[in-house]
Amino acid sequence: MEKTALKTVAPVLAILAGCMWGSVGFFVRSLGALGFSNMTIVECRLGGAAIMMGIFLLLYDKKLLKIKPKDSWCFIGTGVVGMVMLNFFYNAAIRMTSLSLAAILLATAPIFVIFLARLIFGEKITRLKIVAFSVAFGGCVLVSGIFNSGSAFSFLGLAIGLAAGFFYALYSVFSRFAINKGYHSLTINLYSFIFATLVGAFFCDFPMIGAELAKAPLSLGAFLFFHALIASTAPYILFTFSLNYMDIGRASILVSSEAVMATILGLLLYREIPSLLSIIGIVLVLAALALLSKPPKRIFPQKEAA
């Protein structure tokens, strides 16, 4: 009974994770205004999340800090491949193409997830997944505003943007490997943050961080704390936890709520009024989320009955 309830809640957690990731733009714009580079911003997020998660697990359950050295490849996958590479290619795509096109290319992640899950884990590609993804992706296209921009793009920029979506998908795949080995979602996230932070340190401007903190230690310190908590720690925990109770193809589509939240925050914080097409896109994404959020028994009746 309890497991059934968790299966019902899991889609909500994935959607909530997407909404939190949708707030990343607010933090990036604010830190970018101070002169922080993209990789420095990423390092602040992931480094802060690693420290936060480490302290929490020390107080909550020290047993969750233990991993087998032979399983380190799972966490290198989620941290370095899934987190660092995603941000590297996504930032590059933003420089080479329009923001709207980069967002659309990142939204291709569920396509990669669905087919990778089929090849690696044998998950079925159901008609529900195809329909829901098509609706959600179409909504993301409209929300992005690409039809209003008319921006040109290079084929290299297109390839780099698709690479961002691919590495985004690989985070889900490596997380599934770790889950299948019996690791707790908190353990997975901690070591993902640690490995990502170690690699990201080579591209971070630490002197700038120190200089800015010296100017406003309390306000900037608090901002960096919430940046790590809301834009990294909490959503990764929620998303990884949801993978325990649903397949990765479905979960990856549910986090399309990220595009909707980003649009809403743009309207509320920066007065970026969405067009009619953007509003239609929001409705389509919400419709896809509602479709995938139905209780498992109603979605997969034959599987549940078996």
Distance-minimising heavy-atom pair for Pro235 and Ile230: CD-O, 3.2 Å

Shortest non-hydrogen contact from Met246 to Arg176? O-NH2, 2.8 Å

Could you check if a side-chain atom of Tyr191 sits within less than 4.5 angstrom of a side-chain atom of Tyr183, using non-hydrogen atoms only? no

Can any side-chain N or O of Thr78 pair as donor or acceptor with the backbone N or O of Phe75 at less than 3.5 Å? yes

Is a side-chain N or O of Ser175 found less than 3.5 angstrom from the main chain of Tyr171, in a donor-acceptor match? yes

Which of parallel (below 30°), tilted (30 to 60°) and perpendicular (above 60°) describes Phe56 and Tyr60? parallel

Any non-hydrogen side-chain atom of Lys215 less than 4.5 Å from a side-chain atom of Leu220? no

Return yes if some donor-acceptor pair links the side-chain N/O of Thr40 with the main-chain N/O of Phe36 below 3.5 Å, else return no. no

Atom CZ of Phe206: over 12 foreign heavy atoms under 6.0 Å: yes

Using 0.5 Å steps for rounding, measure from the CZ atom of Phe195 to the SG atom of Cys74. 10.5 Å

Test Ile120 against Phe177 for side-chain contact (heavy atoms from CB on, under 4.5 Å), laying out the working first. CA-CA 10 Å; Ile120 300 173; Phe177 278 122; 3.4 Å; yes

Check the pair Met85 / Tyr168 against side-chain contact (heavy atoms from CB on, under 4.5 Å), numbers first and verdict last. CA-CA 8 Å; Met85 296 302 290; Tyr168 190 9; over 6 Å; no

Kindly compute the distance separating CZ (Phe225) from OG1 (Thr233), expressed to the nearest 0.5 Å. 8.0 Å

What about Phe137 and Val283, same hydrophobic cluster or not, with Ile/Leu/Val/Met/Phe/Trp/Tyr joined at side-chain heavy-atom distances under 4.5 Å? no

Measuring only between side-chain heavy atoms, which start at C-beta, is Leu186 closer than 4.5 Å to Ile237? yes

Closest approach of Ile160 and Phe89, non-hydrogen atoms and distance? CG2-O, 3.3 Å

Could you check whether any side-chain heavy atom of Leu65 comes within less than 4.5 Å of a side-chain heavy atom of Leu58, counting everything from C-beta outward? yes

Is there a chain of hydrophobic side chains (I, L, V, M, F, W, Y, each step under 4.5 Å between heavy atoms) that links Leu86 to Met39? yes

Please confirm whether the ring centroid of Phe193 lies under 6.0 Å from the ring centroid of Tyr236. yes

Going by heavy atoms in the side chains, are Pro207 and Asp205 under 4.5 Å from each other? yes

Please walk me through it: do Val9 and Leu13 pass side-chain contact (heavy atoms from CB on, under 4.5 Å)? CA-CA 6 Å; Val9 173; Leu13 299 182; 3.9 Å; yes

Apply side-chain contact (heavy atoms from CB on, under 4.5 Å) to Phe239 and Trp21, showing your working. CA-CA 10 Å; Phe239 179 65; Trp21 275 319; 3.7 Å; yes

Answer with yes or no whether the hydrophobic clustering places Phe202 together with Val80; edges join I, L, V, M, F, W, Y residues whose side-chain heavy atoms lie under 4.5 Å apart. yes

Rounded to the nearest 0.5 Å, what separates atom NZ in Lys66 from atom CG in Leu57? 13.0 Å

Note, Leu116 side chain near Phe166 side chain (heavy atom, < 4.5 Å): yes

What are the two closest heavy atoms between Leu46 and Ala196, and how far apart are they? CD1-CB, 3.6 Å

Rounded to the nearest 0.5 Å, how far apart are CG of Leu224 and CD1 of Ile41? 10.0 Å

Minimal heavy-atom distance between Gly35 and Met208, with the atoms involved, is O-SD, 3.1 Å

Under a single-linkage definition using a 4.5 Å side-chain heavy-atom cutoff for Ile, Leu, Val, Met, Phe, Trp and Tyr, are Leu276 and Leu284 assigned to the same hydrophobic cluster? yes

Keeping the roles fixed (side chain from Ser23, backbone from Ala231), state whether a donor-acceptor pair exists under 3.5 Å. no

According to a 4.5 Å side-chain heavy-atom criterion applied to Ile, Leu, Val, Met, Phe, Trp and Tyr, with indirect links allowed, do Leu198 and Ile51 form part of one hydrophobic cluster? no

If you take all heavy atoms of Lys124 and Arg118, which pair is closest and at what distance? CA-NH1, 4.3 Å

I'd like to know whether the aromatic ring centres of Phe223 and Phe27 sit less than 6.0 Å apart in this structure. yes

Rounded to the nearest 0.5 Å, the CZ atom of Phe203 sits from the CD atom of Glu43 at a distance of 10.0 Å

Can you tell me how far apart CD1 (Ile179) and CZ (Phe241) are? Round to the nearest 0.5 Å. 10.0 Å

